[in-house]
Colleague: 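If you scroll down you'll find the structure; I have some questions about it.
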Amino acid sequence: MRIAEDFDRSAFGRWVNSPAGRVFRVGAGTAFLVAGFRGRRTRAGQASIAWGVLPLSAGALDWCYISAALGGPLRGRGCRAL
């Protein structure tokens, strides 16, 4: 869990789990979805839709997939507590 704690304490980890980071993730996810739906008949458009779900869900649900992948908490609240 040491790697996850280091990430959660880093400047990027603190920012991505802040309210501004959540707004950014929702905005980025929405942008990927919009771009994907515009080009939905292409593979790039379909990939954009699939990718857009990750930041959108992370921002909307206050999840941090990076922390979870490193062995830390999934919930943003848990990341901010460290």
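Predicted, not measured: the structure shown is a model, and the values here were computed from it.
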Colleague: Could you give the distance from CZ (R43) to OG (S48), rounded to the nearest 0.5 Å?
Modeller: 15.5 Å

Colleague: Over all heavy atoms of both residues, which pair between C79 and P73 is shortest? Give the atoms and the distance, please.
Modeller: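 Heavy atoms only, the tightest pair is SG-O, 3.6 Å.
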
Colleague: Considering all heavy atoms of both residues, which atom of L33 and which atom of I49 are nearest to each other, and what is their separation?
Modeller: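 For L33 and I49, the tightest heavy-atom pair comes out as CD2-O, 3.5 Å.
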
Colleague: Report yes or no: does R22 contribute a side-chain atom to a donor-acceptor pair with the main-chain N or O of P19 at less than 3.5 Å?
Modeller: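 Such a contact is absent between R22 side chain and P19 backbone.
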
Colleague: Quick check for you: to the nearest 0.5 Å, what is the distance between R25 atom CZ and S57 atom OG?
Modeller: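 Taking CZ in R25 and OG in S57, the distance rounds to 9.0 Å.
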
Colleague: What's the spacing between F37 CZ and Q46 CD if we round to 0.5 Å?
Modeller: 11.0 Å

Colleague: Considering the options D62, D8, N17, which one meets the side chain to side chain donor-acceptor pair (under 3.5 Å) requirement together with R80?
Modeller: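 So the option named by the test is D62.
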
Colleague: Out of curiosity, S67 OG to E5 CD, how far, rounded to the nearest 0.5 Å?
Modeller: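 If we round to the nearest 0.5 Å, S67:OG and E5:CD are 9.5 Å apart.
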
Colleague: Can you classify the ring geometry of W15 versus F12 as parallel (below 30°), tilted (30 to 60°) or perpendicular (above 60°)?
Modeller: tilted

Colleague: Test V16 against I66 for side-chain contact (heavy atoms from CB on, under 4.5 Å), laying out the working first.
Modeller: CA-CA 10 Å; V16 82; I66 299 170; 5.7 Å; no

Colleague: I'd like to know if the side chain of R75 reaches the main chain of W63, judged simply by a donor and an acceptor atom lying under 3.5 Å from each other, with no hydrogens or angles considered.
Modeller: no

Colleague: Roughly how far, to the nearest 0.5 Å, is the CZ atom of F32 from the CG atom of L56?
Modeller: 11.5 Å

Colleague: Hey, quick one: are V26 and L61 part of the same hydrophobic cluster, counting side-chain heavy atoms closer than 4.5 Å, chains of contacts allowed?
Modeller: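 In one cluster with V26: L61, no.
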
Colleague: Report yes or no: do W51 and Y65 belong to one cluster of Ile/Leu/Val/Met/Phe/Trp/Tyr joined by side chain heavy-atom distances under 4.5 Å?
Modeller: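 Yes; Y65 is reachable from W51 via cluster members.
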
